Amino acid sequence: MEAGALIIFALLVLFAFLGLGVWAAVKVVGAAKRGVDRTITQARRTVEDTALRAKSLGQVGVPGALAQLRLDLRTSMRATQQALYQGVQTDASLKESIGLFERLSAHGHELDEELKRLEQEPDRRRIADGLPELRERAAKITEASDSLRWAARDRARQFAQDDLTALSEQIEMESGALRDWSRESVDDLAAAAEAAGAAGGPATGDGAPAAGPRPAALNPSAPAAHYPWQKTPRPEATT
């Protein structure tokens, strides 16, 4: 009976380790897949941005205008996203700003997809008639995005400046305290040394301490320094 229980326990432990190994393997594979997906997405985004930049510079008329609108929109949204998601790691109050940005991103993605479809539209005249409205929508989105980004940066800069100011004041106070502590300590040590010398000095016949100069307790006389280039004094000759 005991042997059977030990076997069952050993099997349970084995299955537990196997399950843990499978779970760890799944986590590693998932993390690797997410990393690959991010790399592919970033590479695709870079290629697309490069193509848009080339179109905006190399084409005139409607195609160049559409490419420039998409490039400006994507650049602004990406910069704001990076600023907010990096800033929220040290400033939790940016979570509300991120919520607003996510709502703005929905409008940005919608406009970007519409502009992308219009790039394939053969009726250039109709697109040209709709360009003012498209520019207005893009301007509203990019202005809102830029406003969020610069507000977040100004907030971080102000916090850093306030922290630096407070730190400088604390350092000045600590430096002053250290200087006062150093002077008081030296004075206390000197007074204690003088008191100890007065109490323990040699006494005269009537019990009073003998008068006369005493060596400084804090400044004992140092032995004369001997340098290697000095000659050793010769002993006097005796006759």
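All values derive from a computational prediction rather than experimental measurement.
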Engineer: Determine the minimum heavy-atom distance between A65 and L131, stating which atoms define it.
Structural biologist: CB-CD1, 4.1 Å

Engineer: Less than 4.5 Å apart, side chain to side chain, heavy atoms only: is that true for H109 and L111?
Structural biologist: no

Engineer: Could you list the residues that satisfy side-chain contact (heavy atoms from CB on, under 4.5 Å) with D112, not counting sequence neighbours?
Structural biologist: R70, L73, R74

Engineer: Distance from L66 atom CG to R135 atom CZ, nearest 0.5 Å?
Structural biologist: 8.5 Å

Engineer: Measure the spacing between CG of L134 and CG of D129 and express it to the nearest 0.5 Å.
Structural biologist: 11.0 Å

Engineer: Any chance you could measure I141, atom CD1, to E136, atom CD, to the nearest 0.5 Å?
Structural biologist: 11.0 Å

Engineer: Suppose we screen for salt bridge (charged side-chain N to carboxylate O under 4.0 Å, His left out). Which residues come up paired with E143, at least two apart in sequence or across chains?
Structural biologist: none

Engineer: Filter on side chain to side chain donor-acceptor pair (under 3.5 Å), then keep only pairs touching residues 159-178, sequence neighbours left out; what's left?
Structural biologist: Q158-D162

Engineer: Does any pair with a residue in residues 93-108 pass salt bridge (Lys or Arg N to Asp or Glu O under 4.0 Å), and if so which ones, sequence neighbours excluded?
Structural biologist: none

Engineer: Atom CG of L69 and atom CG of L118: how far apart are they, to the nearest 0.5 Å?
Structural biologist: 10.0 Å

Engineer: In the hydrophobic cluster built from side-chain contacts under 4.5 Å, what are the other members alongside L167?
Structural biologist: I171

Engineer: Going by the rule side-chain contact (heavy atoms from CB on, under 4.5 Å), which residues pair with A144 if we only count those two or more places apart in sequence or in a different chain?
Structural biologist: L104

Engineer: With a 3.5 Å distance limit and no angle check, can you tell me whether S145 reaches the backbone of S76 through a side-chain donor-acceptor pair?
Structural biologist: yes

Engineer: Which pairs count as salt bridge (Lys or Arg N to Asp or Glu O under 4.0 Å) when at least one residue sits in residues 145-159, sequence neighbours excluded?
Structural biologist: D91-R155, D146-R149, D154-R157

Engineer: So if you build clusters from Ile, Leu, Val, Met, Phe, Trp, Tyr with side-chain heavy-atom gaps below 4.5 Å, do L84 and L100 land together?
Structural biologist: no

Engineer: Is there a side-chain contact (heavy atoms from CB on, under 4.5 Å) between E121 and R117? Walk through the geometry before answering.
Structural biologist: CA-CA 7 Å; E121 176 62 43; R117 289 193 301 268; over 6 Å; no

Engineer: Out of curiosity, does F101 fall in the hydrophobic cluster containing W150 (side-chain heavy atoms, cut-off under 4.5 Å, transitive links)?
Structural biologist: no

Engineer: D72 and T142: which non-hydrogen atoms are nearest, and at how many Å?
Structural biologist: O-CG2, 4.0 Å

Engineer: Which residues pass the side chain to side chain donor-acceptor pair (under 3.5 Å) test with E114, sequence neighbours left out?
Structural biologist: R137

Engineer: Residues two or more places apart in sequence or in another chain: which of them pass side-chain contact (heavy atoms from CB on, under 4.5 Å) with R124?
Structural biologist: V62, P63, I127

Engineer: Check G87 against L94 and note the closest heavy-atom contact, atom names and distance.
Structural biologist: C-CD1, 3.5 Å

